[in-house]
Amino acid sequence: MSSNLAETKKTILCRGERFRLYLDRDTIQQRVRALGEAISRDYEGKRPILIGVLNGAFMFLADLMRAIDIDCEVDFLKLSSYGASKISSGVVHELKKIDADLAGRHVLIVEDIVDTGLSMAFIIRKVQEEGPASVRTVTLLHKEEATRDEVPLDYVGFRIPNLFVIGYGLDYGQLGRNLPDLYILDDAA
Ligand code: 5GP
């Protein structure tokens, strides 16, 4: 099959650091489809609103929404990012608020990755303040070892080691988001 996407490389350099292939595009797509099917089943008759967390989750959200075959809506919020660092600052700022009225709605928060869990805990609190009918969470990636606080994760794509990843929407200093595959920092390098 022909494709206009760049071919999967085993290793890449991003900002001078070496990353190795961790999850290829087919593996990601297969899992995203399974998550979409589970969400479609669980929310049958409910018309959920998906809240995507910018910037990182935009690619996962776009694929996940196309894998959901019941009526659903979408909105976004934006939180402060790592900047050009690979380590969380530990402080979460809201850069763009959710526009939709969430009162009485079934809200599904969509994250690319849960690391310390601070961002997800912050978003859940914000959403709860709006009086939704229900709140659930989905994350493509979960760094279980790094998660400090208990955050309820209802749907998880992949549990991954506590190493920095890029690709499929995730960046390193704004680069790497356009990679169709996921890469992990090569700790052996
Ligand atoms: P947390 O608040 O759970 O520590 O971090 C959540 C946010 O940090 C994610 O939405 C993402 O923006 C960023 N983040 C955490 N781990 C990684 C990683 O391995 N790679 C990239 N690119 N971003 C990460």
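Every value quoted in this text rests on a predicted model; they were computed, and no experiment measured them. By convention here, the first residue in the shown sequence is residue 1. Counting convention: from 1, in listed order, for ligands and their atoms alike.
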Residues which pass side-chain hydrogen bond (donor to acceptor under 3.5 Å, both in side chains) with N162, listed by chain and number, not counting sequence neighbours: none
Show which atoms of ligand 1 fall inside a sub-4.0 Å distance from at least one heavy-atom site of K143. 16 (N), 17 (C), 18 (C), 19 (O)
D26 meets the side-chain hydrogen bond (donor to acceptor under 3.5 Å, both in side chains) criterion, sequence neighbours left out, with none
Does some side-chain heavy atom of M65 sit less than 4.5 Å from a side-chain heavy atom of L50? yes
I'd like to know whether D24 forms a side-chain hydrogen bond (donor to acceptor under 3.5 Å, both in side chains) with T8, so could you lay out the CA-CA distance, the side-chain angles of the two residues, the decisive distance to 0.1 Å, and finally the verdict. CA-CA 7 Å; D24 67 38; T8 304; over 6 Å; no
Do any nitrogen or oxygen atoms of V114 lie less than 3.5 angstrom from nitrogen or oxygen atoms of ligand 1? no
What I want to know is whether L170 and ligand 1 share at least one N or O pair that is separated by under 3.5 angstrom. no
Note: ligand 1 atoms sitting under 4.0 Å from heavy atoms of L118 are 2 (O), 3 (O)
I'd like to know whether ligand 1 has Y172 as a neighbour, heavy-atom separation below 4.0 Å. no
Heavy-atom contact check, 4.0 Å cutoff: does G56 meet ligand 1? no
K9 NZ to L21 CG distance, which is reported to the nearest 0.5 Å: 11.5 Å
Which option out of H142, M120, E111 puts a heavy atom nearest to atom 10 (O) of ligand 1? E111
If the cut-off is 4.0 Å to any non-hydrogen atom of S119, which atoms of ligand 1 fall inside it? 1 (P), 2 (O), 5 (O), 6 (C)
Approximate separation, where rounding is to 0.5 Å, of L140 CG and L23 CG: 7.5 Å
Which is it for T147 and ligand 1 at heavy atoms under 4.0 Å: side chain, backbone, both or neither? neither
Which option, T116, D171, D112, D115, owns the non-hydrogen atom nearest atom 12 (O) of ligand 1? D112
